[in-house]
Structure formats: C-alpha cells, structure tokens
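The block underneath contains the structure these notes are about, expressed in structure tokens.
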Amino acid sequence: MSADRRFEPQTISRTERWGETLQWLIEYRAFILLAIAVVYAVLFVPFFATERNITQMTTQFSIDGIISIGLTILMIAWGIDLGVGATMALGGVVFALAQDLGVPIAALLGILAGACVGIVNGFVVTKMRVNFFIATLSSMVAVQGITFIISEEMTIYGHAEGFGWMGSAKLGILEFPALAFFGIGIIAHLIMTQTRIGTYWYAIGGNADASHRAGLHVNLLFALAFVVAGLCSGVAGVLLASRSVSANPGVGRDTALFAISATVIGGTSLFGGVGNVLGAVAGVLLLGVIRNSLNLLGVSAYWQWVIQGIILVSVVISDVYVNRRRRTA
Amino acid sequence: MESGYIVEMKGISKRFGSVQALNQVDLELREGEILGLVGDNAAGKSTLMKILSGAHSADSGKISIAGQEVSIRDPRDARRCGIEMIYQDLALCNNLDVARNIFLGREYTRGVSLLRILDKKKMYAESAALLKRLKINISSPRLKVERMSGGQRQMVAAAKAIAFEAKILLMDEPTAALGVREANTLLRLIKDLRDEGHSIVLITQRVPDILAIGDRVMVLKGGQRQGILDVSRVGLDDVVELIVRGRAGTESEEDTVDYLSFG
Ligand SMILES: Nc1ncnc2c1ncn2[C@@H]1O[C@H](COP(=O)(O)OP(=O)(O)OP(=O)(O)O)[C@@H](O)[C@H]1O
Ligand SMILES: [Mg+2]
C-alpha cells in the first residue's frame, strides 16, 4: 500500500478536453435532445404546437413523470423500484374506494397507500437484506393482487363531488397534473441540492460504507428513499384516477419502463450516487414529446415499443460508458 | 483518569471467518502522544483501529476512554468519545465534492429539523480555509473527489478527520499515497497536532517516520502484540527486528513454531 504517487500536475491534454466535452454532452443529454425534439416536432409534426395538444400531452406525461421524480431519488441512493406501476394502481383504487369520506381524505389515503408500499419495500430491503430487484418485483406482484382483491377486479367509478377536479382543473394551458409534476420536480430538486438529507442520499448511493463510517443512518436513509418512490407512485395513482374519473386496478403496466427510461436519460446512473431531478424532468418531457409526436404522426403502437426499447438501450449503454470512465478515473 | 491513559484497549480479539485477525491485543495510548503502530501486512493494524473507530466491533475485549469503560458499537459512538479516523481505503464518497466529504455527517445546517437546509457558504468557506492550512494542493472545495489524484484524495481524507479537532486521532497509513514533500508536510502537521494536545495513533509502513516524530511504537504480528517501545530508547534495527521476528526470548514454544512457519 505504499505506492509513491505524486500529486499530478493539473494540465489538461487534448484527449482529456475531448473527454470533458463528451462528459458534458452526456451529462446534459436530456436537455439537448429535448431542445432538438421540440424544434423538430414544432416544425414537422402537424397539430403538435396547438393549445389542445400541449394541454393533453403535458397532462399525460406528468402522471408518469411524478413517478420518475421519486425513482430518481431512489436510484441516486442506489435502489430501484420495479413495482411503481402497481403501487400507482393501488393508490388510485384506494382513492376511489374511499371517495365517500370526501375527496381530500380519500386522496390522502391513496397517497398513504403508496407510502405504505414504500415502507414495506424499505423494510424488506434493509432489515431482511433482500436484493431490491427481487424485493420490489415480489412486492409488485403482491400489490397487484391486493389491488384486484379490494377492487373486486372492477373499475371503480368516481361519483363523489369533486372526484375529477384534480385531473381537470386548469391554469393557463396546463392542467393540475402538469402543475403538480413541475411543482414536485422543483421541490425534489431543492431537496436534493439544498438539504442535508439530499446530500445523504447522494452519499449512500456513492459509498454506503464510507457513509456508515461517517455516522450516517444508512439503512434508514435507504428505506426512506423507497418511501419517497412509493409516495410519488401514490400521488400519480390519485391523479390518474381523478383524471379518468375512475380507478382501474390494471393500470400501470408500462409505467416502470417509462419512468426508468426518463430517469436514466436525465442523467441518473443505474449504479447509484449520480443523477439529478431536473435532468429527470427533462427526460420526462423528452419521452413525452416523442410519444406524442409518434401518435400524431400515426406510428403504430408496436413501432412505438420498438422505438422506446431502442431509446432505453442506448441510454443504458451511455450510462455504462460514463460510469466506466468515472470509476477508472 | 486513574490509569493515566486516554485510550486503553484490553484483550481485543477479532475473527473474520477462519482468520484470527486479532488475538487478545492490548493497547494503551497516553494523552498527547504519537503512538506508532507497525507490523507486516495482515498483522491486524487496521482491524485494531477500526474497532476503536466503530467501523468493526470486537468479538471480545474492553475499551476505556480516559479511564471510563465505553462501548463503541458504531462510528457515531466513537465520534461521541472524541475519536476520529483516517481510513486506509480513505472512505470518501467520490460523487460528492470536497466540502461535502469533509463535513459528511456533521454539516452546518439551518431551519427545521426534518428538512435541514445546508449552510453551503459556511461549509465551502471553512473547507477552503482548511485546505489552505493543510497546504493541500486542491484549487477549490467545490471539486468532486472522483477526478482527483491518489495524493489529493489522501489529503481530503486527512482533512476530514482533522477538521473537527477530535482529541483522539487514528491515522491508517496517511502518507501512503503522498509524495515526499506532501508526506513531510503531513508529518509536520501530525506533530503540531500532538503538540496542541491531541493523542494520535499513527499506522505506517515507514518506521523511520515514527522514529522521527513518534513517542512510542507498538508492534503487531499475526494478530498479536509484540511489545511497545520507547522511541527515544530504540533504533530502526530494534523495531524491524521485532516486526520480522516477534518478541524474541519472551514468547512461548507455540509462538516460536508460529514464527518459523511465517518464515
Ligand atoms: N472485513 C474483513 N473481512 C475478512 N477478513 C478481513 C477483513 N478485514 C481484515 N481481514 C483480515 O484480517 C487480517 C488483518 O487485516 P488488517 O487489515 O487489520 O491488516 P493490516 O495490519 O492493516 O495490514 P496492511 O498493512 O496490509 O494494511 C488479514 O488477514 C485480513 O485478510
Ligand atoms: Mg491496514
């Protein structure tokens, strides 16, 4: 262990400058790609830049987008939750079942149901020491089962006064879900950059052992990150149910794919410790614009799957590339 | 403080699977001294200090701080006892900047308890001052640790331990990755810290360093203590002899066989 390495002089070679530029491009890829996609869509996609389309599109991606924000925080802490879609369905069903208690209380219960799933996930992962892929995959199946049981396999319609308000209230051209998405995005960004717990989530994702030795409650922090993901899924479920004035127990099957794609495009690493909420917001907008444009252009759903798969794979490859650079640096 | 020791470890044993890393080891650290801890690779030096810093827990043994028996179950306990450690593997979060690493676990904050806001301005200012005081060649505390050289990272780890004026400092090969000039700067700093009243355990492979700045030196071999020597009364050869051969003459038959088998 007595390698006699000296301080390296801080001169920057040409290859390093190239690497620097590449790093920068990769780090801000979501914003760059988003700008390109928007310009392209405005110029070449008919009806894209109409008020109605923008309202519809933003509401659509916002609900999944809220889940992306929760996942971003969880992935920075080096976790993942594959069951976010199932948790979203549960949140919606609980909201609809409880609607006779009044919409505000029902909404709160739907959100809390999501948080409870997060608590269970956090407990199983940290106390039982189950790998988080397995843990959240199992809890996803269980949550789906619970959702179908309590809804008796039926779509529950909203009849309470104000049930649909959250899904349709409008400010300017943005509906409530879009406002909630941007609001939650800003709050999450501030938490991750300005608060102590945000730094702690980065720390445990970067080096859990060092965090422990620095006195952090690593397990508690990790479990809390699962709760955040569950909470966001619950919020998304309530908003989705409100918007469609009904809760369908079978929704959310592609949610995890969309949310993870958006998060990783936004610069969050699958290897923990790296990522940012604003990038994830840009990633959500980017995927939303692409999905909307493909719909407007009449591209079939199957081709859309192919395209989404290609996007995810290329994003994951770039993530692996960046991380290999970082870990050997 | 009846014993006169700031730290007293008694009968510390630790086993990892089939490896007996420490076997009934005692250690006494006097207040305001630099105690060198030396020994071959795998002698158990890091393990002994990690037990004191709360990173590992001992299978058996007792620890007293200033005469009071304490139980150190995790790093928070150790910090409460005024113990701070520079780890051999540095224990830095590469994805965080220098200031966040230095302050990890004791950030300056303001505001409500649940969502404490970081006082970044204060943290950056104090980190910058610390880098300057330790003559660390890093241009800004806002730089992330991941792009730094081994020597720079080593100095960040040192700054992290020194920043909070802990009364007991454990340093696990803090000069290993440093160049000659940087190593000398750090050694001088360690001496200054001792003169200010800190009590220091310094693990190193460079015995001459200990002879230059240390007060006493303790030798470990195969997880067993071979002895503590007064630096003023020994030379390099005596220490090296003890590291290589163990405590000649005083050991039991069994031990002799052990040494032979070690080559
Ligand atoms: N976490 C661990 N798990 C398993 N074995 C360990 C662990 N830590 C240390 N050991 C073993 O315990 C023994 C003592 O290791 P330790 O790191 O304390 O030695 P050391 O004296 O610090 O050596 P070095 O000079 O190489 O740093 C070694 O045989 C090592 O393999
Ligand atoms: Mg060691």
Side-chain angles (χ1 to χ4, degrees), chain A residues 1-10 12 16 19-20 23 27 76-78 187-188 190-221 224 267-269 271-276 322-323 325-329, chain B residues 41 50 53-55 74-80 85 87-96 100-101 103-109 111 114-118 120 136-139 144-152 154-155 157 160 172-173 175-183 204-206:
Chain A
M1 270 315 288
S2 55
D4 220 347
R5 263 177 290 165
R6 307 296 160 90
F7 285 114
E8 282 145 27
Q10 299 194 329
I12 299 165
E16 195 159 321
E20 202 101 333
Q23 189 98 28
E27 196 165 333
I76 286 170
W78 206 350
I187 292 169
L190 292 176
I191 288 175
M192 293 309 282
T193 56
Q194 306 299 325
T195 72
R196 191 172 65 171
I197 193 168
T199 298
Y200 286 179
W201 276 322
Y202 277 103
I204 66 171
N207 189 340
D209 196 34
S211 303
H212 170 72
R213 291 192 219 162
L216 307 197
H217 297 270
V218 175
N219 281 341
L220 181 65
L221 288 161
L224 272 178
T268 298
S269 169
F271 303 98
V274 176
N276 67 88
V322 177
N323 273 284
R325 271 183 59 83
R326 197 179 63 240
R327 299 215 169 200
T328 54
Chain B
N41 291 126
K50 279 181 175 175
S53 79
D74 61 32
R76 279 184 298 277
D77 288 341
R79 272 193 179 167
R80 246 173 264 131
M85 174 153 174
Y87 290 95
Q88 192 169 13
D89 63 6
L90 307 185
L92 297 172
C93 291
N94 287 340
N95 58 332
L96 300 183
R100 282 185 166 85
N101 266 292
F103 284 95
L104 189 61
R106 18 185 194 202
E107 293 77 3
Y108 289 124
T109 57
L114 194 63
L115 284 179
R116 286 179 181 279
I117 314 270
L118 295 175
K120 288 196 220 173
I136 299 178
N137 179 17
I138 292 173
S139 53
K144 285 191 180 174
V145 171
E146 67 193 359
R147 311 286 293 273
M148 295 188 169
S149 73
Q152 289 172 315
Q154 180 111 59
M155 290 305 277
K160 183 177 162 184
D172 196 347
E173 305 201 22
T175 58
L178 300 183
V180 177
R181 201 160 48 85
E182 289 78 18
T204 180
Q205 302 281 1
R206 303 178 187 175

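So you know, we letter chains A, B, ... as the sequences are listed, proteins then strands, and number each from 1.
- One finds the CE atom of B:M148 at 9.0 Å from the CG atom of B:N101 (value rounded to the nearest 0.5 Å).
- Checking side-chain atoms of B:Q205 against main-chain N and O of B:E173 turns up no donor-acceptor pair under 3.5 Å.
- B:T175 contributes no side-chain N or O that, together with a main-chain N or O of B:L178, makes up a donor-acceptor pair within less than 3.5 Å.
- Atom CG of A:L216 sits about 5.5 Å away from atom OH of A:Y200, to the nearest 0.5 Å.
- Using a 4.5 Å cut-off between heavy atoms, B:L104 touches chain A through backbone and side chain atoms alike.
- Only the side chain of B:D89 comes within less than 4.5 Å of a heavy atom of chain A; its backbone N, CA, C and O stay farther away.
- B:R79 touches chain A through its side chain: at least one heavy atom from C-beta onward sits under 4.5 Å away, while N, CA, C and O do not.
- Heavy-atom pairs under 4.5 Å with chain B peak, among A:D209, A:I204, A:N207, at A:N207.
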